Asks: 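First the structure, which I've put down as structure tokens, then a few questions once you've had a look.
A quick note: this is a predicted structure, and the numbers were derived from the prediction, not measured. Quick note: residue numbers are just sequence positions, from 1. Read the numbers this way: they start at 1 and go in the same order the structure lists the ligands and their atoms.
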Amino acid sequence: MYDYLIVGSGLFGAVFAHEAAKAGKSCLVIDKRQHTGGNLHCQLIDNIWVHQYGAHIFHTSNRQVWQYVNQLTEFNNFVNSPLASYQGKLYHLPFNMNTFYELWGVRTPAEAQAKIDEQRSEFAHITQPANLEEQALTLCGRDIYERLIKGYTEKQWGCAATQLPAFIIKRLPFRFTFDNNYFNDRYQGIPEGGGYNALIDALLAKADVRLGTDYFAHRDELHAQARCTLYTGCIDEFYNYCHGHLDYRSLRFEHKRLNTPDFQGNAVVNYTERQVPYTRVIEHKHFAPGSQQPTTVVTYEHPDSFAPGKEPYYPVNDARNAAIYARYAAMADAEPDVLFGGRLARYTYADMDDTIMAALELCKKVFQQ
Ligand code: FAD
Ligand code: UDP
């Protein structure tokens, strides 16, 4: 008899398993996939760690979380500096002095601010932005919106920017320095070598793991093996969709091995035109700088609609889905002997540091650490 059955070997389940072992508890971790790690899972192709479910860059301002992961595996000093490609021209991201120079030839922060003010003035009549398009135009004006935001956002979400809520881009950070670091966090990196599998292996070292096992196909048998369950799968599936299906945006990853040592000279290039079907191209070897590999592996990221059988990636946080989730959450809160955690059970987009922190907080409560 195990103390815990953990459904899902993603980051949340793995951190829980690690803390449970520290507290002297035994765990059986199951996953319906044929590998551990959830969306952090990486595959070694041509000696390059390929992020199978989308590029994962660890960034946090939380020192406790940074120390936690660094005790388990060494991180490199990768800094994410993506480029945006629009009509054959490259722009630096996030919006900073390099971008403003590329857009308008302005060279100083004062010149850039004056240009942005001029761009925004065209939309000064919009006092209450009713949708994402209006919000973006009032914040940054036409040039940035049309070249760097509109096409990417409409592809990503599969609808016109005028149909998306304004709150999605309440803030558009402008940086008036020549700094291409995408994140503002204090700590950033990728596990040494470029992949996350060693981190997950370290977290799961003391747990028993059963792969290729869907919880719903073996529910009774699995419950009989443990005193308590941590469930990190989809919350609507747990309750057999009794309040309806939660909506997601999905992605399709097209991985390609290429006979060239360097395809794009950068880990991430966004394609911000609507006509280009993918949103970004990831070149994985750049997550581990210094690779001598003569070949390379790139991934084209295609946004996709969600349907049963596809992977749920981004929750659609509109009012309808929030109301459905609230009903499931109320049921989960009242559930005896089952704990719920992770991005799918909480129907939330959570970065890795938030996922770890949420798992550690749950552990603190249940193991009274
Ligand atoms: P998951 O990784 O989804 O793990 C859940 C696991 O449960 C899966 O392995 C699944 O197979 C299993 N499971 C589900 N149902 C069942 C069932 N019925 N039976 C058995 N097993 C089941 N964060 C960052 O900090 N930086 C980034 O750059 C970043 N990039 C991202 C890019 C994309 C495209 C996405 C979608 C997310 C990104 N994230 C990033 C967030 C990161 O992926 C999450 O924080 C993390 O994966 C959450 O872990 P989890 O365990 O909650 O979920
Ligand atoms: N975005 C954009 N242009 C870009 C990159 C992002 O307009 O080149 C917008 C888009 O609406 C996207 C949001 O910013 O959904 C968040 O992008 P980010 O790269 O932070 O999110 P991720 O998809 O990596 O979680």
Asks: For Y53 and ligand 1, does the shortest N/O to N/O distance drop below 3.5 Å?
Replies: no
Asks: Is the charged tip of R33 near the ring of Y53: under 6.0 Å from the six-membered ring centre and within 45° of its axis?
Replies: yes
Asks: Centroid separation under 6.0 Å, is that true for the rings of Y91 and F100?
Replies: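 Ring-ring flag for F100/Y91: false, centres at least 6.0 Å apart.
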Asks: For ligand 2, what are the residues with a heavy-atom contact below 4.0 Å?
Replies: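 Lining ligand 2: L93, L148, I149, Y152, T153, Q156, W157, Y182, N270, T272, R280, Y314, Y349.
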Asks: Judging by distance only, is a nitrogen or oxygen of D351 under 3.5 angstrom from one on ligand 1?
Replies: yes
Asks: Among all protein non-hydrogen atoms, which one is nearest to atom 32 (C) of ligand 1, and what is the separation to 0.1 Å?
Replies: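 The protein heavy atom lying closest is A55 O, 3.7 Å.
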Asks: I'd like to know if Y182 and Y152 are part of one continuous hydrophobic network [Ile/Leu/Val/Met/Phe/Trp/Tyr, side-chain heavy atoms within less than 4.5 Å].
Replies: no
Asks: Which option out of P312, G233, P315 puts a heavy atom nearest to atom 14 (C) of ligand 1?
Replies: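 Result: the heavy atom closest to atom 14 (C) of ligand 1 is in G233.
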Asks: Any heavy atom of T213 sitting closer than 4.0 Å to ligand 1?
Replies: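 T213: in contact with ligand 1 (<4.0 Å).
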Asks: Out of L11, I57, L40, who gets a non-hydrogen atom closest to atom 47 (O) of ligand 1?
Replies: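 Residue with the shortest heavy-atom distance to the ligand atom: L40.
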Asks: With nothing but distance in play, are any N or O atoms of M352 less than 3.5 Å from an N or O of ligand 1?
Replies: yes
Asks: Using distance alone, decide if ligand 1 has a nitrogen or oxygen within less than 3.5 Å of any nitrogen or oxygen in Y314.
Replies: no
Asks: Please compare D214, D31, T232, I200 and report which has the shortest non-hydrogen distance to atom 8 (C) of ligand 1.
Replies: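 When every heavy atom of D214, D31, T232, I200 is considered, D31 comes closest to atom 8 (C) of ligand 1.
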Asks: Any nitrogen or oxygen of Y215 lying under 3.5 Å from a nitrogen or oxygen in ligand 1? Just yes or no.
Replies: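 Indeed, backbone or side chain, Y215 has an N or O that close.
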Asks: Does ligand 1 have any atom that is closer than 4.0 Å to a heavy atom of F58?
Replies: no
Asks: Ignoring angles and geometry beyond distance, decide whether F12 reaches within less than 3.5 Å of ligand 1 through its nitrogen or oxygen atoms.
Replies: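 There is such a contact, yes.
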Asks: Could you tell me if the ring centre of F75 sits under 6.0 Å from that of Y187?
Replies: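 They do not qualify: ring centres at least 6.0 Å apart.
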Asks: One residue to check: A14. Relative to ligand 1, which of side chain, backbone, both or neither has a non-hydrogen atom less than 4.0 Å away?
Replies: neither
Asks: Is it the case that the ring center of Y241 lies less than 6.0 angstrom away from the ring center of Y328?
Replies: no
Asks: Over 60° means perpendicular and under 30° means parallel, so tell me whether F238 and Y215 are parallel, tilted or perpendicular.
Replies: parallel
Asks: So is there a nitrogen or oxygen of F253 less than 3.5 Å from a nitrogen or oxygen in ligand 1?
Replies: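 No - when backbone and side-chain N and O of F253 are compared with those of ligand 1, no distance drops under 3.5 Å.
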Asks: Assign the ring pair Y349 / Y314 to parallel, tilted or perpendicular, where the plane angle (0 to 90°) is split at 30° and 60°.
Replies: parallel
Asks: I'd like to know whether F176 forms a ring pair (Phe, Tyr, Trp, His ring centres under 6.0 Å) with F95, so could you lay out the CA-CA distance, the side-chain angles of the two residues, the decisive distance to 0.1 Å, and finally the verdict.
Replies: CA-CA 9 Å; F176 290 94; F95 307 137; over 10 Å; no
Asks: Would Y313 count as being in polar contact with ligand 1, using the rule that some N or O on each side must be under 3.5 angstrom apart?
Replies: no
Asks: Does the gap between the ring centers of H51 and F287 come in under 6.0 Å?
Replies: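 Between F287 and H51, which both carry aromatic rings, the centre distance is below 6.0 Å.
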Asks: Taking distance alone, with N or O pairs closer than 3.5 Å, would you say D353 contacts ligand 1?
Replies: no
Asks: Using a plain distance cutoff, I'd like to know if N39 has any nitrogen or oxygen under 3.5 Å from a nitrogen or oxygen of ligand 1.
Replies: yes
Asks: Quick check: F306 with Y313 (ring centres under 6.0 Å apart)?
Replies: no
Asks: For N96 and D179, run side-chain contact (heavy atoms from CB on, under 4.5 Å): C-alpha distance rounded to whole Å, both residues' side-chain angles, the deciding distance at 0.1 Å, then the answer.
Replies: CA-CA 7 Å; N96 71 79; D179 176 3; 5.5 Å; no
Asks: Applying a 4.0 Å heavy-atom criterion (strictly less than), which segment of D354 is in contact with ligand 1: side chain, backbone, both, or neither?
Replies: neither
Asks: Do V269 and R280 have side chains that approach each other closer than 4.5 Å (heavy atoms only, starting at C-beta)?
Replies: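 The answer is no; the side chains never approach within 4.5 Å.
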